[in-house]
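Everything below concerns the one structure shown next.
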Amino acid sequence: ATLVAMTRFAGQVPSRGRTIELHFPAAARVGAMSWSTAYVTGAGSGIGLRLAEILAARGVSLALFDLRFSAQVRERLARLSPGCVFHEVDVRDADALARAVGAATVAVGPPELAINSAGVQRNRTFLEQSAADFDLVVDVNLRGTRNFAAAVAIALENAQLFASELRYADTMETLAEIGREFAATL
């Protein structure tokens, strides 16, 4: 099983009018890997939604997590990935997220790939940002990542998959491919 928190990829990525080069060691560019089941947080919009669409187009069964999913997003993803499951849950709530991941494991099987893409940002200077805004960013982006990783680890342990071999090089190459597909849509 592979757990990816805030995915990164090799290649050129456009960002705010400039191109950023991202590289992994040469050893990480060997082979290709595919997953039959993936869990994605933040899949209701933005990067998480686009990653879910790319995985669905590759035939991956999906368990998707976000605060809410619009009817349009549900319809599009269900069409791309029949049988995908949607869990409206807040990644800040560790217990609710663990229950949602447990339900997803029953519905589509344990994750072979887990991507935490849930995140928020507040575009304010430090002095303009309130303590509540800062707490929200930390709670979603940091604690939410921890909560998702813990819930997935428990699901893998329960499915007796936690000790399976992680093929780092294959994983990084496949994530690089997905990253290039994503970057092409920006």
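Computed from a predicted structure; not experimentally measured.
The distance from atom OG1 of T145 to atom CG of D139, rounded to the nearest 0.5 Å, is 11.5 Å. Distance check: D133 CG to Q121 CD gives 12.0 Å after rounding to the nearest 0.5 Å. One finds the CD1 atom of I54 at 11.0 Å from the CG atom of L80 (value rounded to the nearest 0.5 Å). Distance check: S36 OG to L55 CG gives 11.5 Å after rounding to the nearest 0.5 Å.
In this view, R146 satisfies the side-chain hydrogen bond (donor to acceptor under 3.5 Å, both in side chains) rule with no residue, not counting sequence neighbours. In this view, D135 satisfies the side-chain hydrogen bond (donor to acceptor under 3.5 Å, both in side chains) rule with no residue, not counting sequence neighbours. Annotation: side-chain hydrogen bond (donor to acceptor under 3.5 Å, both in side chains) contacts of R122 (sequence neighbours excluded): none. Checked against side-chain hydrogen bond (donor to acceptor under 3.5 Å, both in side chains), R74 has the following partners two or more places apart in sequence or in another chain: E88. With sequence neighbours excluded, no residue forms a side chain to side chain contact (heavy atoms under 4.5 Å, CB included) with S45.
The two residues S61 and S81 make their nearest non-hydrogen contact at CA-OG, 4.1 Å. A155 approaches V101 most closely through the heavy-atom pair CB-CG1, 3.8 Å. Of all heavy-atom pairs spanning L77 and L64, the tightest one is CD1-CD1, 3.4 Å. For the residue pair T41 and S117, the shortest heavy atom distance occurs at OG1-N, 2.8 Å. Residues E112 and W35 share a closest heavy-atom pair of O-CD1, 3.2 Å. For the residue pair A43 and V40, the shortest heavy atom distance occurs at CB-O, 3.7 Å.
Hydrophobic clustering places F134 together with L142 (ILVMFWY residues linked when any side-chain heavy atoms are closer than 4.5 Å, directly or through intermediates). Cluster membership for L97 and L67, using ILVMFWY side-chain heavy atoms within less than 4.5 angstrom, is not shared.
For the pairing with Y39, the side-chain contact (heavy atoms from CB on, under 4.5 Å) check across V85, L62, I115, T105 returns one residue only, T105.
Using a 4.5 Å cut-off on side-chain heavy atoms (C-beta onward), P111 and L156 make contact.
Within the structure, every pair that satisfies the ring pair (Phe, Tyr, Trp, His ring centres under 6.0 Å) test and touches residues 72-96, not counting sequence neighbours, is listed here: F65-H87, F69-F86.
At least one donor-acceptor pair under 3.5 Å links the side chain of N141 to the backbone N or O of V120.
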